[in-house]
Structure formats: C-alpha cells, structure tokens
There are 2 protein chains.
Amino acid sequence: MNTENAKSQMRKGMLEYCILLLLHKGPAYASDIIQQLKEAQLIVVEGTLYPLLTRLKNNRLLRYEWQESTQGPPRKYYALTLDGEEFLRHLDSAWNELTNTVNILRSGSVAEVILT
Amino acid sequence: MNTENAKSQMRKGMLEYCILLLLHKGPAYASDIIQQLKEAQLIVVEGTLYPLLTRLKNNRLLRYEWQESTQGPPRKYYALTLDGEEFLRHLDSAWNELTNTVNILRSGSVAEVILT
DNA sequence: AAAATATACTTTGCAATACAAGGTACTAAA
DNA sequence: TTTAGTACCTTGTATTGCAAAGTATATTTT
C-alpha cells in the first residue's frame with residue numbers, strides 16, 4: 001500500500017483525458033506527448049502511451065499522419081477527430097464533477113460548504 | 001467508447017481517496033458511505049465498496065467496530081487509523097499534483113499559464 | 001561498407017480495481 | 001411462518017497502467 005501505486009491508480013482514466021487535452025492544442029507524436037506530459041508533472045511511459053493512442057485511434061477519437069523527421073525514423077503525428085473533440089467535452093464535464101465531489105468531501109459536510 | 005466507462009475509469013484510485021476523505025470527518029458504515037458519496041455526486045455500488053473497505057482495513061489504514069442498530073442487523077463502523085490519516089495526506093498531495101497537471105493542460109501551454 | 005548508436009513504434013504478460021450479479025445473515029413486521 | 005428490509009460478502013469480468021522486451025528506420029562512427 002504505497003503512495004506510488006495510489007498515484008498510478010489515480011492516473012487511470014485521467015491519462016486518457018490528459019492526452020486528449022494535450023492533442024486539443026495541436027498534433028503531436030508519442031515522444032512529444034511524453035515530454036509535454038512530463039512538463040505538466042505527469043510521468044507516462046511508452047508501454048502505457050502507445051496502446052492508449054492505438055485504442056483512441058481505433059475508436060475514431062484520434063487520427064494520425066506519418067511525417068518525416070530530420071533526425072531519425074518517421075513519426076506518427078496524432079490529432080483529434082471531430083468525435084474526439086466531442087468526447088473531450090464529455091470528459092471535461094466528468095472532470096468537473098469529480099473535482100466538485102472532492103471539494104465537497106474535502107471541505108467537510110455539504111452543509112458547511114453552503115455556509116462558508 | 002462511452003462516457004460512462006470513461007467516468008468509471010476516472011473513479012479508479014479516486015474512490016480510495018474519497019472514502020478516506022469522508023471517513024476523516026467521522027466513522028461511518030457502508031450504506032452510510034454510499035449515501036454520503038451520492039450526496040457528493042459520486043455513485044458507488046456495494047460490490048465496489050465492500051472489497052475496498054476490506055482492503056483498506058487489511059492495510060491498517062482503516063479499523064472498524066461493530067455497533068448495534070435499532071433498525072436491523074449490526075453495522076460495521078469504519079474509521080481512519082493513524083496510518084490512514086498519514087496516507088490521506090499523501091493522497092492529498094497526489095490529488096493536488098493531478099489537478100495542477102490538468103489545469104496546465106487545460107489552459108494551453110505552460111507559458112500561457114504564466115502569462116495569464 | 002559494416003557496426004554502433006539513436007530514435008520511434010510495438011507487443012506481451014501482469015497487477016490493480018470498478019462493477020454487475022448473485023449470495024448469506026440477521027431483524028422486524030404481516 | 002412468511003415476507004420485507006437492512007447489512008455484509010463473494011465471484012467473475014473488463015479495463016487499464018506498467019515493466020520489459022522486441023522490431024524497424026535513420027544517422028553516425030569505425
């Protein structure tokens with residue numbers, strides 16, 4: 001029962017949201033995504049990211065294009081589809097609800113939330 | 001790829017945190033917890049909660065006491081242990097990091113966060 | 001040209017956990 | 001005695017994050 005496992009579990013589901021949020025700003029390829037997430041304090045490894053990207057693509061939330069690189073093999077640049085944009089808005093709602101829930105639980109009883 | 005599944009996945013790990021947050025305010029038994037979480041907009045079912053409570057108890061984060069009820073069978077009232085309180089503080093940090101991450105990703109680039 | 005290195009993408013096996021569905025046990029009322 | 005209500009528990013399944021190892025392409029070094 002360590003903190004690392006707890007944090008890893010918190011990532012579940014959140015990661016999908018974070019990827020979509022990131023791609024909403026513009027296309028990116030895997031290493032790119034990992035780097036940007038790291039800058040946002042979220043550590044993700046390849047073995048997690050690649051299957052996730054594939055899954056999102058298979059569900060038509062993402063699409064990709066091959067692009068040549070000047071420094072190595074070509075890259076798969078992923079971008080949101082229209083379905084992906086819509087799904088992202090649903091996840092926005094889900095996230096809002098979740099933060100609201102935590103805030104209520106954090107600040108004491110529901111009554112206290114109303115009073116303070 | 002539906003929204004319900006996504007929300008269910010977001011719950012992973014968060015639920016543990018929410019239970020500890022709730023019990024931090026005082027002892028409660030299972031139906032109690034389900035009811036309070038529902039008031040905080042978080043739907044949890046018995047099949048999820050009971051194994052979770054048992055797991056937390058086995059890891060010494062929770063303890064329980066049987067208490068008679070005037071309206072049915074006795075209840076298991078769960079409460080945080082000292083280990084549980086400490087673990088809760090770690091989860092507080094993890095939650096703070098996660099919300100920070102999402103906020104960064106939501107508001108555009110890191111630079112934009114600083115500028116706005 | 002061959003070997004080594006770097007970059008990028010992929011796969012496999014495992015562990016953790018939410019949930020549906022069903023079950024057990026005790027109490028009180030009809 | 002039967003029925004209804006409350007509370008606790010278990011089993012099987014699906015999903016997903018991750019470690020570890022593998023494949024492929026491009027560049028640099030020897």
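Chain identifiers are assigned alphabetically (A, B, ...) following the order of the sequence lines, protein sequences preceding nucleic acid strands; residue numbering begins at 1 within each chain.
- Atom CZ of A:Arg75 and atom P of D:dT25 are 17 Å apart (whole Å).
- Residue B:Asn58 contributes atom CG, which lies 11 Å from atom P of D:dC9 at whole-angstrom precision.
- Between the side chain of A:Ser69 and the backbone N or O of A:Arg75 there is no donor-acceptor pair closer than 3.5 Å.
- Taking only side-chain atoms of A:Trp66, from C-beta outward, the nucleotide of C:dC9, C:dA18, D:dA7 with the closest atom is C:dC9.
- The phosphate of C:dT17 has OP1 or OP2 within less than 4.0 Å of a side-chain N or O from A:Asn5.
- The phosphate of D:dC18 (OP1 or OP2) has a side-chain N or O of A:Thr48 nearer than 4.0 angstrom.
- Two residues, A:Pro74 and A:Val44, neighbour DNA chain D, and the one matched to the more 5' nucleotide by heavy-atom proximity is A:Val44.
- Distance from the side chain of B:Gln9 is smallest to D:dT15 among D:dC8, D:dT15, C:dC9.
- Nearest to the side-chain atoms of B:Ser31 among the listed nucleotides D:dA7, C:dA18, D:dT15 stands D:dA7.
- When each of D:dA7, D:dA19, D:dA14 is scored by its nearest atom to the side-chain atoms of B:Lys12, the top-ranked nucleotide is D:dA14.
- Judged by distance alone, with hydrogens and angles left aside, the side-chain atoms of B:Asn100 form no donor-acceptor pair with the main-chain N or O of B:Asn96 at under 3.5 Å.
- Among the nucleotides C:dT10, D:dT16, D:dA7, the one closest to the side chain of B:Tyr29 is D:dA7.
- The same ILVMFWY cluster, assembled from side-chain heavy atoms under 4.5 Å apart, contains both A:Leu53 and A:Tyr64.
- Comparing C:dA18, D:dG17, D:dT15 by their nearest atom to the side chain of B:Arg11 picks out C:dA18.
- Proximity note for B:Tyr50 (side chain, C-beta onward) versus D:dC9, D:dT15, D:dC18: the nearest is D:dC9.
- Look at B:Lys7 and you won't find any side-chain N or O under 4.0 angstrom from OP1 or OP2 of C:dA18.
- As a whole-Å value, the separation of A:Met14 CE from D:dT16 P is 14 Å.
- Of the candidates A:Leu15, A:Thr54, A:Ile33, A:Ile33 is the only one forming a side-chain contact (heavy atoms from CB on, under 4.5 Å) with A:Leu49.
- Remark: P of D:dT15 and CD of B:Glu4 are 15 Å apart, rounded to the nearest angstrom.
- Nearest to the side chain of A:Glu46, among D:dT16, C:dT17, C:dC9, sits C:dC9.
- Between the side chain of A:Thr81 and the backbone N or O of A:Leu61, at least one donor-acceptor pair lies under 3.5 Å.
- One interatomic measurement links the two molecules: CD1 of A:Ile33 to C1' of C:dA8, which rounds to 13 Å at whole-angstrom precision.
- Remark: C1' of C:dC9 and CG of A:Leu56 are 16 Å apart, rounded to the nearest angstrom.
- Each of A:Pro73 and A:Leu52 was matched to the nucleotide of DNA chain D holding its nearest heavy atom; the match closer to the 5' end belongs to A:Leu52.
- When the C1' atom of C:dA20 is taken as reference, atom CD1 of B:Ile34 falls 14 Å away, rounded to whole Å.
- Atom CG in A:Leu37 sits about 15 Å away from atom C1' in D:dC18, given to the nearest Å.
- With respect to the salt-bridge test (charged N to carboxylate O, under 4.0 angstrom), the residues B:Lys76 and B:Glu65 do not qualify.
- Both A:Gln71 and B:Gly47 lie close to DNA chain C; mapped to their nearest nucleotides by heavy-atom distance, the more 5′-ward contact belongs to A:Gln71.
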